[in-house]
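I have placed the structure first, in the form of structure tokens, so that the comments after it can refer back to it.
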Protein chains: 2
Amino acid sequence: MRISEASTQSGLSIDTIRFYERSGLLPPVERGPDGRRRFSAVDVDWLTLLASLRGTGMPMKTMRHFADLYRQGDKTVPQRREVLLEHANHLERQRNALDRCAEILTYKLKRYDEITEDAV
Amino acid sequence: MRISEASTQSGLSIDTIRFYERSGLLPPVERGPDGRRRFSAVDVDWLTLLASLRGTGMPMKTMRHFADLYRQGDKTVPQRREVLLEHANHLERQRNALDRCAEILTYKLKRYDEITEDAV
DNA sequence: TACCAAGCTGGAGCAGCTCCAGGTCAACCC
DNA sequence: GGGTTGACCTGGAGCTGCTCCAGCTTGGTA
């Protein structure tokens, strides 16, 4: 499939996909006879995973490391497991930050409502 | 209090605090006779709010807008309410992203465990 | 009086995109 | 066949949001 469809399916922008390829986050994508990229289903799965990791704050450096491990085959499974486990911890910390922020917002919004009611 | 303590209490780095001041996210902080910044409790509360908003993905542009509204007093409460409400929605979208990523990680980790067990 | 830690400013550097100019190529219309 | 449109290409500049650094001032301690 073309880059535009890969973009739609993975949720990454076209520019970001090309940028990720240049940065070594995905192996060089196959090209058609016209020189344009042709993405396989496997490519898109990988892009979707990257989108999910990046969208939840994994740094590119870590993603590149993970991609390198992936390319080395099954013997790197324990290391990859480590990377993902640590990211799972990161998700939990992020969830806490979200909760704390939501609390603050709830408090502020309540106070705003009170002010507005007083004014009426 | 000094910038180092404001940093500890708000969770923002010293450099980030100075950067935020330069960027107009907080009003110019008072200075002591030695020319150094002296942060009031109100300043630190504001910084803590900024830290929470930024840490959950509010762009600086929006924070600057919010700060501008704040400086204009109570008449901007409805607009500020709008800003915070929209950010609350953003928090929910982020939570969904977190959940989806956690699901993917759980699945991947399970598969890794299977591979490892097979090998043993 | 000497020294060290903490603070200051201005500016450079970095991550992670995002956008743009200028070009190629395939497809469709007349 | 010729013209136009639109998707794609590359290389490079620009943007956001920090982060770090050089070179200086100041306050407190020995």
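Just so we're on the same page: letters track the sequence lines, and every chain starts at 1. It should be emphasised that the depicted structure is a prediction, and the values quoted were computed from it without experimental measurement. Heavy-atom basis, side chains included; hydrogens, waters and symmetry copies ignored.
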Residues B:K110, B:D113: salt bridge by 4.0 Å N-O rule: no
Counterpart residues, side chain to side chain contact (heavy atoms under 4.5 Å, CB included), relative to B:S13 (two or more places apart): B:D15, B:T16
Main-chain N/O of B:T48 paired with B:S52 side-chain donor or acceptor, under 3.5 Å: no
Check: A:S40 main-chain N/O paired with A:D43 side-chain donor or acceptor under 3.5 Å: yes
Members of residues 15-31 of chain B that approach DNA chain D, where some heavy atom sits under 4.0 Å away: B:D15, B:T16, B:F19, B:Y20
Proximity to DNA chain D (any heavy atom under 4.0 Å), residues of residues 38-55 of chain A only: none
5′-ward residue of the pair A:R64/B:G35 relative to DNA chain C: B:G35
Heavy-atom protein contacts under 4.0 Å, nucleotides 25-30 of chain D, coded B base, S sugar-phosphate only, - none: -BS---
B:W46 and B:F66 aromatic ring geometry - parallel, tilted or perpendicular at 30°/60° bounds: parallel
Nucleotide of D:dG17, D:dC9, D:dT19 approaching B:S13 most closely (side-chain heavy atoms): D:dT19
Stem list, DNA chain D (Watson-Crick or G-U pairing under 3.5 Å, at least 3 consecutive pairs): C:1-30 with D:1-30
Range on DNA chain C touched by chain B - first to last nucleotide, heavy-atom distance under 4.0 Å: C:dA6 to C:dT9
